[in-house]
Amino acid sequence: MNEYYRLAKEKWDAVAKPLDGMGEFEHILCKIAAIQETTDIQIEKRAILTLCGDHGVVAESVTQTGQSVTASVAAHMARGTGNVCRMAKTANIQVIPVDMAIKEPLPEDIQSVDTIREALRPGTILNAHVAPETGDFVKEVAMHPVKMAIAMATGSKLVEACLEEGYTILGTGEMGIGNTTSSSALAACLLHVKPEEVTGRGAGLSDAGLQRKIEVIRQGIAFHKLEEEQDTERILSCLGGYEIAGLVGVFLGGKKYGVPIVIDGLITAVAALIAERLKPGCKDYMLASHLGREKAMTMILEELQLKPVIHGDLALGEGTGAAMLFPLLDMAKAVYDGSTFADIQVGQYRRFEHEA
């Protein structure tokens, strides 16, 4: 991969601009070149995989809303009217909502389909249903290991299927009431920090609600005796969600199939960290979109050695941060493909030996 990164960097340096003038975007496009093994970077056909699932821990009063919201928002995405869909339409991005574990029935106007190609039609959601919801992690494991493994394998297969349909770069998104509780619990265990250090307000909890959420996470970690746990898969099984496990598979699939995968917010970042723990080197296929509002984002991205380029205090989810990155990459690529110093008959800037 390093050879293509070097060649892409040489192409950047030949563009008529100051050296490193496009900053972090030069690194991102070089990374994409390394992943795609070409300096002719292809990012025009892109999709966001938004994985949806319900969480049993909602029974512990850690959210403002009930589980029916998951099905409702997933249906909006299937119709193309969800927040991420409206954003995606402005940037030529295909949003593919995926049912991993939606508990409530979907509206009658939403068709559950079995292939990526079918899921590209309006009014459809991709059927990858593993279970109705997770277990309540303060009382039982969230996911049976076998079902969790199925969800992870499904995520990897989604990347393969998208690649077969011609998509060259993918974003990640999620929807699931209660999933910031699960992801914060996972982050606390994976990063070996106290729950209060990584737990935020999610969709807008009060002070009392936030304290309740922290206490539930503390209870779940103690119930499963995870304080010193090093087994990443066991942590995921005890505390995670089927959409999170599916996202882990998406990031694993990025490495397996050579596809750049864009991280969205906290839930997808936790999945990215798990993928890297399970298969070191996955981070070489990841791109960070934004620094989400949830507390754990900075710690996770630092461990993954990824630098987000959007600092907008976002906390919307669904893949909206990932969607925002794509038009920025388009603009950066327009410069990357632009006039060189040779084209304008001007001497090229050169690097000095003491510079990195």
Side-chain angles (χ1 to χ4, degrees), residues 1-49 84 87-88 90-93 159 162-163 167-173 247 250-251 253-255 257-265 268-269 271-273 275-276 281-292 297-298 300-312 314 319-338 340 351 355-356:
M1 285 175 51
N2 287 339
E3 177 66 11
Y4 288 100
Y5 187 103
R6 182 186 66 78
L7 291 171
K9 188 60 176 170
E10 287 181 358
K11 183 174 177 180
W12 268 122
D13 288 352
V15 172
K17 62 165 184 57
L19 292 173
D20 306 322
M22 289 296 292
E24 186 65 16
F25 289 98
E26 295 195 21
H27 166 65
I28 293 173
L29 263 64
C30 288
K31 190 172 184 178
I32 294 171
I35 294 168
Q36 296 182 346
E37 297 186 343
T38 179
T39 57
D40 183 19
I41 297 166
Q42 299 297 318
I43 58 173
E44 290 75 22
K45 188 167 184 180
R46 59 275 192 112
I48 293 175
L49 293 166
V84 66
M87 294 169 66
T90 71
N92 192 33
I93 306 165
V159 177
C162 286
L163 186 60
Y167 293 97
T168 56
I169 184 170
L170 298 172
T172 54
L247 286 164
V250 170
F251 288 109
K255 183 178 191 297
Y257 298 108
V259 177
I261 309 291
V262 181
I263 298 170
D264 183 42
T268 66
L273 179 59
E276 175 62 21
C282 282
K283 67 183 180 182
D284 294 336
Y285 298 81
M286 300 174 188
L287 309 174
S289 60
H290 70 104
L291 185 64
M297 281 294 292
T298 298
I300 292 172
L301 293 178
E302 284 180 355
E303 178 166 331
L304 292 172
Q305 298 178 303
L306 298 173
K307 187 181 292 186
V309 293
I310 301 170
H311 294 254
L314 304 177
T320 50
M324 280 188 166
L325 180 63
F326 285 113
L328 295 176
L329 295 183
D330 288 340
M331 287 185 274
K333 186 173 181 293
V335 178
Y336 175 80
D337 292 331
T340 66
R351 295 185 181 276
E355 293 182 339

Is there side-chain contact between [X] and [Y], with at least one heavy-atom pair below 4.5 Å?
| X | Y | result |
| --- | --- | --- |
| Val309 | Lys307 | no |
| Ile48 | Val84 | yes |
| Ile263 | Leu304 | yes |
| Ile169 | Leu329 | yes |
| Ile300 | Glu303 | no |
| Val262 | Met286 | no |
| Leu287 | Leu306 | no |

Which value, rounded to the nearest 0.5 Å, describes the distance between [X] atom [atom1] and [Y] atom [atom2]?
| X | Y | atom1 | atom2 | value |
| --- | --- | --- | --- | --- |
| Glu276 | Leu273 | CD | CG | 8.0 Å |
| Ile43 | Asn92 | CD1 | CG | 11.0 Å |
| Thr320 | His290 | OG1 | NE2 | 6.0 Å |
| Tyr285 | Ile261 | OH | CD1 | 11.0 Å |
| Tyr4 | Thr38 | OH | OG1 | 7.0 Å |
| Asp264 | Leu325 | CG | CG | 10.5 Å |

Of all the heavy-atom pairs spanning [X] and [Y], show the shortest one and how long it is.
| X | Y | value |
| --- | --- | --- |
| Thr168 | Pro260 | O-CD, 3.2 Å |
| Arg46 | Glu44 | CD-O, 3.1 Å |
| Cys282 | Ala275 | SG-O, 3.8 Å |
| Gly321 | Leu314 | CA-CD1, 4.2 Å |
| Leu170 | Phe326 | C-CZ, 4.2 Å |
| Ser289 | Ala322 | OG-N, 3.6 Å |

Could you pull out all residues at least two apart from [X] that satisfy side-chain hydrogen bond (donor to acceptor under 3.5 Å, both in side chains)?
| X | answer |
| --- | --- |
| Gln305 | Lys283 |
| Thr298 | none |
| Tyr257 | Glu160 |
| Asp337 | Lys11, Lys333 |

So does [Y] get a backbone contact from the side chain of [X], meaning a donor-acceptor N/O pair under 3.5 Å?
| X | Y | answer |
| --- | --- | --- |
| Arg351 | Leu19 | no |
| Gln36 | Val259 | no |
| Thr268 | Thr172 | no |

Which residues pass the salt bridge (charged side-chain N to carboxylate O under 4.0 Å, His left out) test with Lys45, sequence neighbours left out?
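Residues passing salt bridge (charged side-chain N to carboxylate O under 4.0 Å, His left out) with Lys45: none at all.
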
If you count the non-hydrogen atoms of other residues, nucleotides and ligands that lie under 6.0 Å from CE in Met324, is the total more than 12?
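Counting other residues, nucleotides and ligands, CE of Met324 stays at 12 neighbours or fewer.
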
If the condition is side chain to side chain contact (heavy atoms under 4.5 Å, CB included), which residues does Lys17 pass it with, not counting sequence neighbours?
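Applying side chain to side chain contact (heavy atoms under 4.5 Å, CB included) to Lys17 gives Trp12, Val15, Met22, Glu26, Val335.
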
